[in-house]
There are 2 protein chains.
Amino acid sequence: MIAIGEASRQSGVGIETIRYYERVGLVPRPERAANNRRLYSAADVGRLRFLKKCRDLGFALADAKTLLDLSEQCSDDCRSVKELADIHIADVRRKISELTELEAALNELTANCASGNVACPMLGRLRSK
Amino acid sequence: MIAIGEASRQSGVGIETIRYYERVGLVPRPERAANNRRLYSAADVGRLRFLKKCRDLGFALADAKTLLDLSEQCSDDCRSVKELADIHIADVRRKISELTELEAALNELTANCASGNVACPMLGRLRSK
DNA sequence: ATAAATTCTGTAGTCACTACAGGATCAAGC
DNA sequence: GCTTGATCCTGTAGTGACTACAGAATTTAT
């Protein structure tokens with residue numbers, strides 16, 4: 001059994017974030033030592049690491065929770081997992097294409113920005129109808 | 001002079017959002033009619049439209065405010081604008097590459113997810129060290 | 001014995017809105 | 001004049017996913 005600082009180090013999840021996850025019911029309340037400090041088991045750290053990976057993959061906390069719950073049920077429900085992941089992949093693709101368009105628009109807007117300009121063409125474009 | 005609903009329609013910025021922008025000092029407090037209702041001028045609507053475009057381009061509100069201020073100063077400061085935009089473009093590029101990596105990782109994780117599986121390989125990977 | 005590190009609770013701040021609640025006023029039709 | 005519905009007002013609280021304190025208690029290291 002380890003303290004919260006060590007659990008944070010082992011899982012890569014910040015101390016405040018661990019307490020936040022506990023507060024919102026994402027992870028079960030851990031045991032407490034006689035001095036009221038939280039005590040974490042290997043399973044607890046595993047859960048935190050799992051959540052960390054989900055977050056790194058861009059899953060929302062609610063989805064991460066769903067995946068964690070699926071993972072705790074012994075029968076790995078592959079279909080549910082893939083459904084969730086596919087929605088998320090589609091989401092990521094959409095974001096990529098939006099950002100790509102954005103980049104093009106920004107490049108176009110700044111293309112004629114040069115230090116000698118009297119009037120900034122980008123501001124002009126942003127101002128115009 | 002038009003009411004807030006019409007200003008919202010003309011600018012594409014929601015009514016609540018307009019009031020929010022006013023509250024946080026992003027746009028000047030508009031005139032008020034005798035009945036205390038807000039009255040917007042063409043210039044006010046122009047400002048809202050400008051902010052809308054900045055937000056659509058993904059600029060943070062603080063940056064949008066800076067651009068708006070630059071735009072209101074008569075001398076269009078092209079250098080400051082381009083600096084801000086370039087930082088933002090770099091930001092967008094970074095996000096795109098992060099998301100692209102993410103998409104690859106997600107595809108890899110779900111590649112072997114099939115409905116007949118007993119154990120989900122994605123969950124397995126998320127659980128493992 | 002003292003200093004530094006860690007932990008605790010609880011609250012508030014972040015960003016950019018969004019969603020009410022509860023009331024006032026306005027415009028249009030009868 | 002009256003009713004109905006649309007619009008507007010203020011103020012507060014919620015969202016997501018943390019992050020940053022304040023102020024206290026305790027533990028660990030020197």
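Order of the sequence lines sets the chain letters (A, B, ...), proteins ahead of strands, with each chain counted from 1.
- Set against dT19(D), dC8(D), dT10(D), the side chain of Y20(A) has dT19(D) as its closest nucleotide.
- Between R37(A) and R23(A), the residue whose closest nucleotide on DNA chain C is further toward the 5' end is R37(A).
- Taking 4.0 Å as the cut-off between side-chain N and carboxylate O, K53(A) and D56(A) do not count as a salt-bridged pair.
- The side chain of L61(A) approaches dC18(D) more closely than any other nucleotide in the set dC18(D), dA16(C), dC21(D).
- Nearest to the side-chain atoms of A3(B) among the listed nucleotides dC20(C), dC8(D), dA17(D) stands dC8(D).
- Distance from the side chain of I15(A) is smallest for dT7(C) among the nucleotides dT18(C), dT19(D), dT7(C).
- Atoms CZ (R32(B)) and P (dA24(C)) sit 17 Å apart, rounded to a whole Å.
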**Request:** Evaluate the criterion side chain to side chain contact (heavy atoms under 4.5 Å, CB included) for residue pair Y20(B) and L26(B); output intermediate values, then yes/no.
**Result:** CA-CA 9 Å; Y20(B) 166 75; L26(B) 211 63; over 6 Å; no

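- Applying the 4.0 Å criterion to OP1 and OP2 of dC17(C), one finds that Y21(B) has a side-chain N or O inside that range.
- A close approach under 4.0 Å does not occur between any side-chain nitrogen or oxygen of T17(B) and OP1 or OP2 of dA16(C).
- Separating the CD atom of E6(B) from the P atom of dC8(D) is a distance of 9 Å, rounded to the nearest angstrom.
- In this structure, I4(A) atom CD1 and dT27(D) atom C1' are separated by 16 Å, rounded to whole Å.
- Contact check on R38(A) versus E31(A) returns no salt bridge, with no Lys/Arg side-chain nitrogen under 4.0 Å from an Asp/Glu carboxylate oxygen.
- Heavy atoms of R19(B) sit under 4.0 angstrom from at least one base atom.
- Side-chain atoms of S8(B) never come within 3.5 Å of backbone atoms of I4(B) as a donor-acceptor pair (strictly under, hydrogens ignored).
- Taking only side-chain nitrogens and oxygens, R38(B) comes nearer than 4.0 Å to OP1 or OP2 of dT10(D).
- Between N35(A) and the phosphate of dT27(D), there is a side-chain N or O to OP1/OP2 separation shorter than 4.0 Å.
- Among the nucleotides dC8(D), dC18(D), dT18(C), the one closest to any side-chain atom of R55(A) is dC18(D).
- Atom CD of E16(B) is separated from atom C1' of dT15(D) by 14 Å (rounded to the nearest Å).
- Using a distance-only test at 3.5 Å, with no hydrogens or angles considered, no donor-acceptor pair links the side chain of T17(B) to the main chain of V13(B).
- Taking every side-chain heavy atom of A60(B) into account, dA16(C) is the closest of dT10(D), dA19(C), dA16(C).
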